Amino acid sequence: MSRADLIQPSATMKISERARQLRREGKDVIDMGLGEPDFSTPPHIVEAACKALEEGKTTYAPAQGIPELREAIAEKVRNENGIPANPENVIVTAGAKYAIYEAMQAIIEPGDEVILLEPAWVSYEACVLLAGGKPVFVKHDETFKSAEIEEHITPKTKMVVVNSPNNPIGVVYPKEFLKKVADLASDHGFYVMADEVYEKIIFDGTHHSIASFDGMFERTITINAFSKTYAMTGWRLGYAVAEEEVIKRMRKIQSHSISSPTTFVQYAGIAALKGDQSFVERMVSEFRRRRDVLVKGLDDLGIEYAPPDGAFYVFMNTGMDSDEFSQRFLEEYYVAVTPGSGFGRSYGTWVRLSYATSVESIREMLERLEKFLERMA
Ligand SMILES: Cc1ncc(COP(=O)(O)O)c(C=O)c1O
């Protein structure tokens, strides 16, 4: 069997494609399926890329990323995240997704188990399978803030993936849970992959980087990106921070696959990290406003949802099969959402709403949802 036969196409992309098709047919589609900020990249970042292009930064770059950007990333994670990294601990990648893929290829051996907290972002399972590993899904408890991962650790456990703030549930894990994961990693000798791509998009709670905990730097692969923080999804720029041995293995894979992330895009990354950060504040306060409108509407409809502390998602329980709900909500009410079935097996009645859309669209979606639920009752 081909390795590609082990994985399914991304559930989020399938819905978006259908939503786009309906829109082309002239339907008034509200897209709450998308996982990307609906903001433009700040002008100073765009200008830095243009300048790099004009200056001829159009040739191959070092496989691990240009030194100035790796230096800027190391400085950022030292100052903001308490991670004791130097540029040798940093690899620049084509988005966070490729950092995750490469890190799994570098670390996972055939048969190794990787614990994923369910519901889990769609691509973790695929990356584990493509590396020959075995995904082990562990359900969150009913608070969505913790999970009994200790019950699922075996001698084959190689890694636990923790994503905070979380996609699709929007939760920011409390420090006690992250500490528990770190202590288990130290006791049992496995890696933690800390996916921190939403670290700046937090409304309630505080972000903690597991790699900053005592003794965890060597055991943690921290994943981050420019995509969500700076509205740069299409630029494909992310990075991983880890011990040098892991980074060296990732660099080998990168040198034989994509060679390096796009050269002039890396200069934009420097401008993003070193430039004015007020865009991020404005974006986060707009997301907070939308979250509040959405949550109030769901409360009025009596719908159950996970605590939306951060990122830009609400994970809600529809009370019916999530595939059927998503299909009918799109085909009959022209609202695109992502079915929970795409994020694991235990949340078959839940769907993810992305509020990377206007307050007006959120209000309109709530009205359509009310009508849909009335008809179902
Ligand atoms: C949790 C999580 N990790 C990683 C990614 C991938 O980010 P990038 O676009 O930088 O590859 C996403 C994007 O949706 C995400 O939600």
Side-chain angles (χ1 to χ4, degrees), residues 9-16 31-39 41 45 65 69 73 90-105 114 116-128 130 135 140 144 159-173 192-202 207 209-210 221-241 250 254 257-258 261-262 265-266 268-269 272-273 287 306 308-315 336-338 340 342-344 352-356:
S10 161
T12 43
M13 293 199 174
K14 234 168 26 189
I15 293 274
S16 297
D31 194 348
M32 300 199 61
L34 277 182
E36 62 183 342
D38 54 327
F39 298 88
T41 306
I45 299 176
L69 180 55
I73 292 167
V90 176
I91 184 164
V92 184
T93 56
K97 197 179 265 186
Y98 198 61
I100 293 165
Y101 174 83
E102 254 178 17
M104 297 237 183
Q105 290 288 328
V114 178
L116 304 176
L117 301 182
E118 199 186 353
W121 175 59
V122 289
S123 296
Y124 298 135
E125 180 185 16
C127 288
V128 173
L130 289 171
H140 285 86
F144 283 100
M159 181 188 281
V160 173
V161 179
V162 179
N163 169 218
S164 185
N166 186 282
N167 177 8
I169 56 180
V171 156
V172 174
Y173 295 109
V192 175
M193 177 179 279
D195 180 344
E196 306 188 349
V197 297
Y198 296 102
E199 68 164 336
K200 302 279 184 183
I201 309 176
I202 292 188
H207 179 68
S209 291
I210 294 183
I221 301 96
T222 303
I223 304 288
N224 211 330
F226 296 80
S227 316
K228 318 284 176 174
T229 306
Y230 301 104
M232 291 175 69
T233 48
W235 295 68
R236 312 309 303 130
L237 193 63
Y239 56 91
V241 179
M250 291 174 70
Q254 185 144 289
S257 51
I258 63 162
T262 305
V265 165
Q266 297 187 57
L273 288 179
F287 276 140
D309 308 322
F312 38 80
Y313 308 108
V314 170
F315 198 57
V337 301
T338 311
F343 303 107
R352 186 192 76 177
L353 305 173
S354 157
Y355 47 91

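In listed order, ligands and their atoms are each counted from 1. Note that the structure is predicted; figures quoted are calculated from it, not measured.
- Residue contacts with ligand 1: N163 is placed with no nitrogen or oxygen under 3.5 Å of a nitrogen or oxygen of the ligand (distance criterion only).
- Using 4.0 Å as the threshold, F312 has no heavy atom nearer than that to any atom of ligand 1.
- Protein heavy atom nearest atom 12 (C) of ligand 1, with residue, atom name and distance: W121 CZ2, 3.5 Å.
- Those atoms of ligand 1 that come under 4.0 Å of a heavy atom in G95, given as number and element, are 10 (O), 11 (O).
- Near Y198, meaning under 4.0 Å from any of its heavy atoms, are these atoms of ligand 1: 1 (C), 14 (O), 15 (C), 16 (O).
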Audit row: E196, T222, side chain to side chain donor-acceptor pair (under 3.5 Å) steps and yes/no: CA-CA 7 Å; E196 306 188 349; T222 303; 4.7 Å; no
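- The nearest pair of heavy atoms linking V337 to R352 is CB-O, 3.6 Å.
- For the pair T233 and ligand 1, the shortest N or O to N or O distance does not fall below 3.5 Å.
- K200 places no side-chain N or O within 3.5 Å of a backbone atom of Y230 that could act as its donor or acceptor partner.
- Here is the list of ligand 1 atoms found below 4.0 Å of a heavy atom in K97: 6 (C), 8 (P), 11 (O).
- Aromatic ring centres of Y124 and F343 lie farther apart than the 6.0 Å criterion allows.
- For H207 and Y173, the ring centers are positioned 6.0 Å apart or more.
- Taking the centre of each ring, Y198 and Y313 come in below the 6.0 Å mark.
- Less than 4.0 angstrom separates some heavy atom of Y124 from each of these atoms of ligand 1: 1 (C).
- Remark: minimum distance from atom 3 (N) of ligand 1 to any protein heavy atom is reached at D195 OD2, 2.6 Å.
- Remark: ligand 1 atoms within the under-4.0 Å shell around heavy atoms of S227 are 8 (P), 9 (O), 10 (O).
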Side chain to side chain donor-acceptor pair (under 3.5 Å) evaluation trace for S257 with Y98: CA-CA 11 Å; S257 51; Y98 198 61; 2.5 Å; yes
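- Nearest to atom 9 (O) of ligand 1 among the protein's heavy atoms is R236 NH1, 2.9 Å.
- Where the criterion is an N or O separation shorter than 3.5 Å, residue side chain and backbone included, N167 meets it with respect to ligand 1.
- In this structure, F287 and Y355 have perpendicular ring planes: the angle between them is above 60°, well past the 30° mark.
- Considering only non-hydrogen protein atoms, atom 7 (O) of ligand 1 sits nearest to A96 CB, 3.6 Å.
- With ligand atoms numbered from 1 in the order given, ligand 1 contributes 10 (O) to contacts under 4.0 Å with heavy atoms of A225.
- Looking only at heavy atoms of the protein, atom 13 (C) of ligand 1 is closest to K228 NZ, 2.8 Å.
- Summarising the geometry of G344 relative to E118, their closest heavy-atom pair is C-OE2, 3.1 Å, with the distance given to 0.1 Å.
- Look at E36 and you'll find every heavy atom at least 4.0 Å from all atoms of ligand 1.
- Rounded to the nearest 0.5 angstrom, M32 CE and L353 CG are separated by 5.0 Å.
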